[in-house]
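Read through the structure below, which is laid out as structure tokens, and then see the notes.
Chain letters run A, B, ... following the sequence lines, proteins first and then strands; every chain starts at 1. What you see below is based on every heavy atom in this structure, not just the backbone, and it leaves out hydrogens, waters and symmetry mates.
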Amino acid sequence: MPQPDLISDATVVESLLLFRQHAPLVHCITNDVVQTFTANVLLALNASPAMVVDVNEAAQFSALADALLINVGTITPERSQAMRAAIDAACQNGKPWTLDPVAVGVLSLRSEFCQQIVSQQPATIRGNGSEIMALTQQTGGGRGVDSLHGSDIALQAAQQLAQRSGAIVVVTGEIDYVTDGERTLVVPGGAALMTRVVGTGCALSAVVAGFAALPGDRLYHVASACRVMSCAGERAARQASGPGSFTPLFLDALWTLGAEGGI
Amino acid sequence: MPQPDLISDATVVESLLLFRQHAPLVHCITNDVVQTFTANVLLALNASPAMVVDVNEAAQFSALADALLINVGTITPERSQAMRAAIDAACQNGKPWTLDPVAVGVLSLRSEFCQQIVSQQPATIRGNGSEIMALTQQTGGGRGVDSLHGSDIALQAAQQLAQRSGAIVVVTGEIDYVTDGERTLVVPGGAALMTRVVGTGCALSAVVAGFAALPGDRLYHVASACRVMSCAGERAARQASGPGSFTPLFLDALWTLGAEGGI
Amino acid sequence: MPQPDLISDATVVESLLLFRQHAPLVHCITNDVVQTFTANVLLALNASPAMVVDVNEAAQFSALADALLINVGTITPERSQAMRAAIDAACQNGKPWTLDPVAVGVLSLRSEFCQQIVSQQPATIRGNGSEIMALTQQTGGGRGVDSLHGSDIALQAAQQLAQRSGAIVVVTGEIDYVTDGERTLVVPGGAALMTRVVGTGCALSAVVAGFAALPGDRLYHVASACRVMSCAGERAARQASGPGSFTPLFLDALWTLGAEGGI
């Protein structure tokens, strides 16, 4: 396996400008806790979020949207049916879908569900170290929604998962790794305060879902999505007095990022 | 049809002060994405929001509340039953109810549901151009939750819908129109940033629902609700650095608006 | 009944530092409107929130978590089953659970549910005056989610409820009372703006749930939780221009509170 490469600023800016221009419509079937923040993150990046959860409507909508996000954070049997219908419609219509396997390996419904749908050709999978390891090895699992494993320890699992599923796999932590099973990119940055605001990881998955719909090399687009979020996090953290002031600063940073042609 | 009239500042201030004094209890059965923001908007205007979604409790609560909001953004069959029960109770108890037909015309469950309940004498209907056109003509439909039609193009549809349903119809866009089918008011203002924060339209519908419960000419109260929101949007946009800082500024503007006797 | 004692600053700081150190994992089955804010409040205090709502997963997770919060604000029959399963698992595993009986006494499903589960040995119950009176006397009830009774009027009801249920009972209002049925503590402070932001009471219940899991005298820990929140509210209100700017300031205040060894 070749050494991971660092994603370059120029690549990130190029992907970001393309994203703003395409303004993808992202269908998010995500958990109850992060819906507002997820929508606001996508809006700040000029994308269009929409959350449609009825089983029939979810299938209709995934056929129309540019990308689909499946986040199992507050899954129920009923919601899992809507997720399946949306994934089927996305696959049939050639729309990329992204999996955020929140707390997989810890709880039964989501673990079975994620193991099943991971075979339905997700375009991307985004999780923390514990989640990616649980998804690959059917062992592990975190402390609730938090990871007990660093992203570096999970890198090999991520590469295996990418090879098995055909997805770009993102394992996030202090450093993020983005891999297609052959090539691996390293995304630096971020800020500790991001872990003290609910939904930063879930919103990243929604952004990843949108970037996965861009034309071009998906590996680089997905890594760019990670860097956009970590860069906005750094900027916000520099000015924030705590997790409360962080959130508006973070959304403002996403809004302005790349405006000067750099990040 | 007479020329639309501009709503006057004096009318808006009068309605706003009456609203703060009455502090209506607004029962919101709304979509999952905007519940917190909707509640905070109502609270900033001194109203009392409450979200009650069990089918039996929703009926009980609509009989007690001053106004009801029905927003179909994340409708499910189960939620639609609670909505029907709440509408029935509101009608039986003489409480005004407001419809926000999010993405009607695009998706099937909500489209059928909206076409049915629109005959149950809503006090007000608030939608964007595509939604109002879809509701009237059973054609059209937007791009997800976004409108493809300006409010001016939809004005005639709004007037027809008002005549058919007996509701005050609000069609929002760069300019808002408020019509009872005979008289039409124009509401200027607002800010582009409002489209980059999730729930500003949905929250407007909740505010419209509350203003529709005030004694007096409902047409003017509803237009005042629109102007209160567009005015707060302008103030917030003047100070905001992006959609993140916009939100707290917007709620603060709602809180202080009208305090000096003007807007 | 002895006179209520004022909670001391030294006790509050001690509990707060213990809380940050233990960083409890709090399983919140709470209402749809306040999930994000509740999670962010817990995160700002260094705790780990998680919302798991499927009936089987909720039972699994309550066995793992340090504490459980049950908030009935947007209860449905399905959600009530998950709540029962989670309470059973918490009791079997010796984990403390906290009840927030939102609008009990006003609506039927939640009223029956709360009357039943109150016999399952909650560690703490947190409500406003109307809720605590409704829970005790099966009369009363507020205006929607708002209280019509001050906390002082409800103090006797709180003491009776504590004796009957074995819980520490918190009745909040302009002054908060915390009682185990024998001893009663008084918690001063807070700010009027806290009533203009949705979820401050619900988030307090989540914080109470977490503090109830600390080793030591639960009565003092729970009163400390109330004082932490009222103190952060005072600090935020001093700087806020309205309810919009209040929220980030409040979370920042929770984040920094106690850093200088005092509050």
Would you check if [X] and [Y] make a side-chain contact, meaning some heavy-atom pair closer than 4.5 Å?
| X | Y | value |
| --- | --- | --- |
| E78(B) | E78(C) | yes |
| V106(C) | L64(B) | yes |
| V197(C) | N40(B) | yes |
| M51(B) | V198(C) | no |

Q. Measuring heavy-atom distances to chain C, does T36(B) have an atom under 4.5 Å in its side chain, in its backbone, in both, or in neither?
A. both
Q. Does any heavy atom of chain C fall under 4.5 Å from the side chain of A59(B), the backbone, both, or neither of them?
A. neither
Q | Passing candidate, side-chain contact (heavy atoms from CB on, under 4.5 Å) with R196(C), options L42(B), L43(B), L45(B) | A | L43(B)
Which pair of heavy atoms, one from [X] and one from [Y], lies closest together, and at what distance?
| X | Y | value |
| --- | --- | --- |
| Q35(B) | D32(C) | NE2-CB, 3.7 Å |
| W255(B) | L193(C) | CZ2-CD2, 3.7 Å |
| T74(C) | V53(B) | O-CG2, 3.8 Å |

Q) Just wondering, more than 12 heavy atoms not from Q116(C) lying within 6.0 Å of its CD? A) yes
Q. Quick one: side-chain hydrogen bond (donor to acceptor under 3.5 Å, both in side chains) partners of S205(C), sequence neighbours excluded?
A. D100(C), R126(C)
**Q.** Choice from D252(B), V52(B), N46(B) maximising heavy atom contacts with chain C below 4.5 Å
**A.** D252(B)
Q) If you tally heavy-atom pairs under 4.5 Å against chain B, which of V33(C), L107(C), I75(C) wins? A) L107(C)
**Q.** Gap separating the CG atom of D54(B) from the OG1 atom of T76(C), nearest 0.5 angstrom
**A.** 7.0 Å
Q: Working to the nearest 0.5 Å, report the span between CD of Q60(B) and OG of S108(C).
A: 3.5 Å
Q: Give me the contact list for residues 234-245 of chain C versus chain B, heavy atoms only, anything under 4.5 Å, ordered by residue number.
A: S241(C), G242(C), P243(C), G244(C), S245(C)
